[in-house]
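See structure below.
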Amino acid sequence: MEFMGFTPETFDFLWGIRFNNNREWFMEHKAQYQQTLYEPMKALAKALVPSFAHVPGLELHLSRIYRDMRMHPDTFYKDSLWFCFQRKSKGGMLEHPCLCFEVRPEGYRYGFLLYYTRAAQMQELRNRMAEQPDRFLKMVKKAEKVSGIALDGDRYAKPKPCPDDRLLPYFSMKNFMAIADCPPDDLLFSPALLDMLRTSLTAWLPVNEFLEI
């Protein structure tokens with residue numbers, strides 16, 4: 001299937017499953033889910049695979065709409081669908097950097113994410129930045145310029161010691177996020193979304209690799 005864009009019916013389903021999170025409603029609308037959400041998402045993700053095929057270990061992960069009932073016994077289905085490019089690891093997915101895209105009832109979001117980090121992991125990354133400040137700053141600046149998304153993150157209450165004033169904003173972060181958050185728009189309903197995502201996500205690939213532990 002070639003990616004041709006999502007449709008307004010995609011969001012009819014997403015809002016519907018948010019407010020009707022039960023098997024009966026889902027089964028009545030399963031064809032709508034497959035045709036307007038799952039199949040376009042899968043086609044979009046697969047079309048991006050060649051852009052990352054040259055990176056050893058980087059794999060496509062496509063989410064499922066079905067929740068793990070052991071973790072969420074009262075909620076059968078998710079009200080969003082996402083994919084990401086990330087290295088396979090034994091730890092939790094959000095403990096490793098990824099390049100991601102998600103559709104949810106409010107719209108869509110995409111970019112670079114390294115969300116859950118351990119203290120030792122962040123210290124190792126700060127050491128890496130301090131050892132190669134020019135390289136790190138150059139790749140972040142380029143990614144921000146190409147994608148139009150700024151690198152940000154949650155902040156420590158107490159600033160960390162920083163050997164280079166240029167790195168101060170990044171030493172104060174306890175995770176890293178460069179995420180564009182968009183309402184449903186013409187781009188989302190167009191095949192042009194593929195080219196935009198290819199440009200934006202590949203722009204953040206060097207940062208993704210630099211921050212991999």
Side-chain angles (χ1 to χ4, degrees), residues 1-15 31-65 78-88 93-94 96-115 135-153 175-212:
M1 176 180 176
E2 182 180 359
F3 178 73
M4 299 303 296
F6 293 93
T7 66
E9 287 75 19
T10 306
F11 292 90
D12 291 342
F13 172 81
L14 287 169
W15 281 112
Q32 182 184 11
Y33 157 69
Q34 291 176 327
Q35 295 167 10
T36 70
L37 180 58
Y38 179 71
E39 290 298 336
M41 181 70 80
K42 184 170 67 172
L44 177 60
K46 288 187 174 181
L48 287 168
V49 167
S51 300
F52 303 99
H54 65 286
V55 185
L58 202 64
E59 299 180 355
L60 170 64
H61 301 269
L62 179 61
S63 71
R64 302 170 69 250
I65 197 166
K78 302 170 187 173
D79 58 9
S80 69
L81 209 65
W82 55 264
F83 66 77
C84 73
F85 290 91
Q86 186 180 51
R87 279 187 170 78
K88 190 174 183 180
M93 290 189 68
L94 292 180
H96 294 267
C98 71
L99 304 163
C100 55
F101 173 79
E102 180 184 32
V103 177
R104 54 191 184 135
E106 293 82 3
Y108 65 105
R109 50 191 174 187
Y110 63 92
F112 163 77
L113 183 65
L114 173 56
Y115 194 69
R135 180 188 171 203
F136 174 73
L137 292 167
K138 182 179 180 180
M139 67 175 63
V140 169
K141 182 177 180 181
K142 182 177 180 180
E144 291 179 334
K145 181 178 180 180
V146 171
S147 68
I149 314 171
L151 184 62
D152 202 355
N175 52 27
F176 296 103
M177 295 174 279
I179 298 293
D181 206 337
C182 311
D185 56 17
D186 291 342
L187 180 61
L188 186 66
F189 302 142
S190 164
L193 178 67
L194 172 59
D195 289 334
M196 184 281 290
L197 280 179
R198 183 183 290 116
T199 298
S200 296
L201 297 186
T202 56
W204 284 100
L205 179 59
V207 178
N208 189 84
E209 297 303 286
F210 186 90
L211 296 177
E212 177 65 67

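Quick note: numbers below take in every heavy atom, side chains included, and nothing from hydrogens, waters or symmetry partners. Given the structure is predicted, the values throughout are model-derived calculations rather than measurements.
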Query raised in the report: Of all residues at least two apart in sequence or in a different chain, which pass the ring-ring contact (aromatic ring centres under 6.0 Å, His included) check with F85?
Result: F52
Query raised in the report: With sequence neighbours excluded, what pairs up with E212 under the side-chain hydrogen bond (donor to acceptor under 3.5 Å, both in side chains) test?
Result: H96
Report summary line: Contacts satisfying side chain to side chain donor-acceptor pair (under 3.5 Å) that involve residues 181-194 (not counting sequence neighbours) are R104-D181, Y108-D185
Query raised in the report: Would I65 and F13 count as a side chain to side chain contact (heavy atoms under 4.5 Å, CB included) if you check the C-alpha gap in whole Å, the side-chain angles of each, and the deciding distance to 0.1 Å?
Result: CA-CA 12 Å; I65 197 166; F13 172 81; 3.6 Å; yes
Query raised in the report: Who are the side-chain hydrogen bond (donor to acceptor under 3.5 Å, both in side chains) partners of Q32, not counting sequence neighbours?
Result: none
Query - Partners passing side-chain hydrogen bond (donor to acceptor under 3.5 Å, both in side chains) against E209 (at least two apart in sequence or in another chain) - result: R87
Query raised in the report: Quick one: side-chain contact (heavy atoms from CB on, under 4.5 Å) partners of M4, sequence neighbours excluded?
Result: E2, P191
Query raised in the report: Side-chain contact, heavy-atom cut-off 4.5 Å: F101 with L99?
Result: no
Query raised in the report: Roughly how far, to the nearest 0.5 Å, is the CG atom of L188 from the CG atom of L193?
Result: 6.0 Å
Query raised in the report: If only atom types and distance count, is the side chain of T10 paired as donor or acceptor with the main-chain N or O of T36 below 3.5 Å?
Result: yes
Show every donor-acceptor pair shorter than 3.5 Å between a side-chain atom in residues 198-207 and any protein atom, with sequence neighbours excluded, or say none if there are none.
from, atom 1, to, atom 2, distance (Å)
R198, NE, S51, OG, 3.3
R198, NH1, D195, OD1, 2.8
T199, OG1, D195, O, 3.1
S200, OG, M196, O, 3.2
T202, OG1, R198, O, 2.5
T202, OG1, T199, O, 3.3
W204, NE1, S147, OG, 2.9

**Report entry** Side chain proximity check, F83 to L60, heavy atoms < 4.5 angstrom
**Finding:** yes
Query raised in the report: Heavy-atom distance under 4.5 Å between the side chains of E102 and C84, does that happen here?
Result: no
Query raised in the report: Between atom OG of S80 and atom CE of M41, what is the distance when rounded to the nearest 0.5 Å?
Result: 8.0 Å
**Report entry** Closest heavy-atom pair and its distance - D79, L14
**Finding:** O-CD2, 3.4 Å
Report task. Please examine the side chains of R109 and W82, heavy atoms only from C-beta on, and report whether any two atoms are closer than 4.5 Å. Result -> no
Report task. Enter the distance from L151:CG to F136:CZ here, rounded to the nearest 0.5 Å. Result -> 6.0 Å
Query raised in the report: Can you name the side-chain hydrogen bond (donor to acceptor under 3.5 Å, both in side chains) partners of D152, sequence neighbours left out?
Result: R155
Report summary line: So the side chain to side chain donor-acceptor pair (under 3.5 Å) pairs with at least one residue in residues 135-146 (sequence neighbours excluded) are Q132-R135
Query raised in the report: Any idea which heavy atoms bring L114 and P97 closest together, and the distance?
Result: CD1-N, 3.5 Å
Query raised in the report: Quick one: does W15's side chain have a donor or acceptor within less than 3.5 Å of a partner on P105's backbone?
Result: yes
Query raised in the report: Between F112 and I149, is a side chain to side chain contact (heavy atoms under 4.5 Å, CB included) present by the stated rule, with each step listed?
Result: CA-CA 9 Å; F112 163 77; I149 314 171; over 6 Å; no
Query raised in the report: ring-ring contact (aromatic ring centres under 6.0 Å, His included) with F6: which residues, sequence neighbours excluded?
Result: F3
Query raised in the report: Quick one: side-chain contact (heavy atoms from CB on, under 4.5 Å) partners of A47, sequence neighbours excluded?
Result: L194
Query raised in the report: With sequence neighbours left out, which residue pairs that include part of residues 42-58 fulfil the salt bridge (Lys or Arg N to Asp or Glu O under 4.0 Å) condition?
Result: E39-K42
Requested in this report: Keeping the roles fixed (side chain from N208, backbone from C98), state whether a donor-acceptor pair exists under 3.5 Å.
Outcome: yes
Report summary line: Between M177 and L113 the two heavy atoms that sit nearest each other are CG-CD1, 3.3 Å
